[in-house]
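A note on names: the letters A, B, ... follow the listed sequences, proteins ahead of strands, and every chain is numbered from 1.
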Amino acid sequence: MNRLYCRLAVTNLKNNRQFYLPYILTGMVSAMMFYIMRAIQGSRGIASMRGAGTVSIILTMGLVIVALCAGIFLFYTNGFVMKRRRKELGVYNILGMEKKHIAKVMAWEAVILYALSVCGGLVLGIVFHKLAAMFLVKLTGLSESIPFYVSGWGFLQTAELFGLIYIVMLLYNFLQVSLANPIALLHGNSVGEREPKVKWLSAASGIACIFAGYYLAVTVHGVLEAVNMFFMAVILVIAGTYLLFLSVSIAFLKMLKNNKKYYYQTAHFITVSGMLYRMKRNAVGLANICVLSTMVLVIISTTVCLYAGSEDSLNNNFPGEINATLYFDYVPDQADREYFMDLIEDAAGKQERKLTRMSEYADIVTIIHMDGNVVERYDNTNPSYSYLEMGMLYVMMRTDYERFTGHACDPIVPGSVMVTASGGFDGDVIELFGTQYPVSDSMDFPADFPDKEIQGFLGDKQVVYVVVEDERAMEPFLAYEVQYHLEIDTDGTPEERKAFAGAVREALEAGRKKTAFTQGMITSREEQRGEYMELNGGFLFLGLFLGSMFLMITVLIIYYKQISEGYEDRERFAIMTKVGMGRDVVKAAINAQVRTVFFMPIIVAILHLAMAFPMLKAIMLVFGLMNTDLFVGCLVVTAAVFAVIYFLVFLLTSRSYYRIVYQ
Amino acid sequence: MPILQVKNVSKIYTTRFGSARVQALSNMNFSVEQGENVAIMGESGSGKTTLLNILASLDRPTGGEVLLNGKNLTAIKEKELSAFRRDNLGFVFQDFNLLDNFSLKDNILLPLVLQGKPVAEMEQRLAPIAGRLGIAELLAKYPYEVSGGQKQRTAVARAIITNPQLILADEPTGALDSKASSGLLGVFREINRDGQTILMVTHSTKAASCADRILFIKDGEVFHQLYRGNLTNEQLYAKISDTLTVLTQKADEMGKELL
């Protein structure tokens, strides 16, 4: 008896191969991706590498996302296939199979599907694991190669995860069948077509959501705000996208329909009414495609840009090959400064390095709350201070300020100060921490101001430079952080430069005896480069990995959508031909609708991407990327490549669509 | 001059590799006069559907010719066929063939929209037809919201709104209950009285008994025809029944002889 059910299950799968082949393929590819992620993440080769921590965290993140996506998407596909098979199950029921027999057949089907997907996925996973691992090593610049191995845990967890997914799906299918009566099953996919109603409220809120999301993205100021608002904007735009496809589209079509002059024309008549139904049935699918496409575009373009811009961000974040910052309780005088420079030159001499540039300046830094001309210390515990109003204050001597900016200034009258502020400053007096100072001169940031990026970071928030004449004038601010900065460029190979960074570190440490700085911090661009590549390479790997997974999901949704529409349209177009519509007119009408429905999601996705640009640009600053041209380039290229792939998918899937319609 | 002339029409279907040939129509001859109401009767497999498809220019005969108002259907180019069909023929089908995504009004207007008529003219033509067919109140509804009889009357409205030369009806009462059937036949009679030529293919004796003339076809040929003369519907009904009985008996006898 069991063999009969098994045979029946095999026949069913074969007869429905049009639906099941892509379904099995999805299962395989998801299983493969999960296995590869798991195998790389768990490999001893990776764990033993330097910088593996970062990569491992990124991979774990990816593992969770892959598992979630696989689950959600297999469920979606299963729902689609079941909907199309309801009639078949109804026939079984009427032929006298009890529901428990149908359940047995379905269980067999699930077992076969599971076995095919997981076995296929694991085989593909083992084959492509090495390739993916090599790719990761190349991207992250990890030095060692990863030995080939078969991950036992990877095997087990893949089998477990997918087993769980298939069991849950099977239970869901049981439930569906047991709830339905045979007649309902028989008429499974032809429940009466009601004309969609216009939901004005949801259409209006859809437009409002999208505009609100766009507004947040376009008017964003500074990184803090961008990071804070990003999630909000994404939620708004996603909600808006669903409403856009569900309600706004229908409201728009109804408006066209109510315009009789427009509606009663051959081309518009068929298209508008056809679109109304298409939108009603496919709105969610289209919105899914749109959201997924946007995700693919954002993920791939940002990670590619981060990777390509690694060198740029390094140069921005580390202005010198070696950057040292020493913290003091007092303002170091000229003798102290010369002492440090001598130490470094000695170290350079010993290592036979040539210093190509050495610059230094001192400043006092603190976070402030600024209200008009009154500057107060920023207080975390004060509830009336919003972090959005947080600002930065730098106090510098005139000579340091000149060195820092490269611009000469007039001497400053003792007792007064010069003010340079990001938002401009006007007023004759500035109150700093309770003391009033006359302002001798004030200006906006000049275009070539070195710390431009600070503004990017802080957006609208005030960045204020207060410049005084000499060391004595800095004394009132000693309560805050006194810093002495050194930027050094040098020649030599990467290894030699790393060694020199070590020597500088030792030399400055030795200098502590004489100058008593409290703390020191030294960074070497060469050392940072490794970490940057690991982080950005890891992200790029993950981006491409997830991007291709989302792309696969998008393609499959498109495929299933085309097929189900094909079945829906077949009958309608047969009738139209009968009542005197030429085949060419029918064809043109089909084409117009298919194309509109198909390209709407990607057009909306690209619009989303364009609107998200200012916000994404700000967020890229977190990763130290300030090269706008590069980012624009990455976005445009990613969007173009994606559009080409999308178009190819359209050509391929529309073939199956037309085959069904013209059958 | 007759509005429709069918001369020596034959149709042979060949399977894809030419191994089997099926003669669906053999040497079919008849004509229909302007304003006539003709019914064609025959059993399943007698060639009714093939004939109708050829008259509807959906299919081409293998031999002979079909003239509509003197114009040879078989000589019309493929490209112009749809337009020709739209302008000269009206169709009423057994399963209505209404589009679910159009309201009744839009279903009726569909052929006019395809002809590119201005909106004002469409409305002007629609109003009297809808009134006469008793569907004026239903125009804003959708096919799934109305009864079978109402659907079929909508289909009739769609067929006559272009003022076609000829209406071709394929088992128009096939999917209707007896009350709706009578209603529909009444509609046919009425539009026929206004001068509309109708050609109906049917199984139903009752439907056929409303026609002026009944053609019986069998094995792809016109076998017999009945004229109403001045018989009432009931008398004609009895006559058709008798003819059908004779036809069946003859067929049985012929079958026996062959054995």
Identify which of B/D87, B/T162, B/L110, B/L58 forms the greatest number of heavy-atom pairs closer than 4.5 Å to chain A.
-> B/L110
Using the ring pair (Phe, Tyr, Trp, His ring centres under 6.0 Å) rule, take A/Y23 and A/Y560 through it: C-alpha gap first, then chi angles, then the decisive distance, then the call.
-> CA-CA 10 Å; A/Y23 183 49; A/Y560 280 126; 7.7 Å; no
Taking A/R17 for the side chain and A/K14 for the main chain, is one N or O donor matched with an acceptor at less than 3.5 Å?
-> yes
Does A/Q265 CD have over 12 foreign heavy atoms under 6.0 Å away?
-> yes
Is chain A contacted by the side chain of B/L89, its backbone, both, or neither, given a heavy-atom distance below 4.5 Å?
-> neither
At a heavy-atom separation under 4.5 Å, does B/F84 approach chain A through its side chain, its backbone, both, or neither?
-> neither
Contacting region of B/V113 [heavy-atom separation from chain A under 4.5 Å] = both
Is the backbone N or O of B/F188 less than 3.5 Å from a side-chain atom of B/N192, with the two atoms forming a donor-acceptor pair by type?
-> no
Name the member of B/L109, B/L99, B/L81 that forms the most heavy-atom pairs with chain A at distances under 4.5 Å.
-> B/L99
Side chain, backbone, both or neither: which part of B/D106 has a heavy atom under 4.5 Å from chain A?
-> both
CD1-CZ distance between B/I191 and B/R132, expressed to the nearest 0.5 angstrom = 7.0 Å
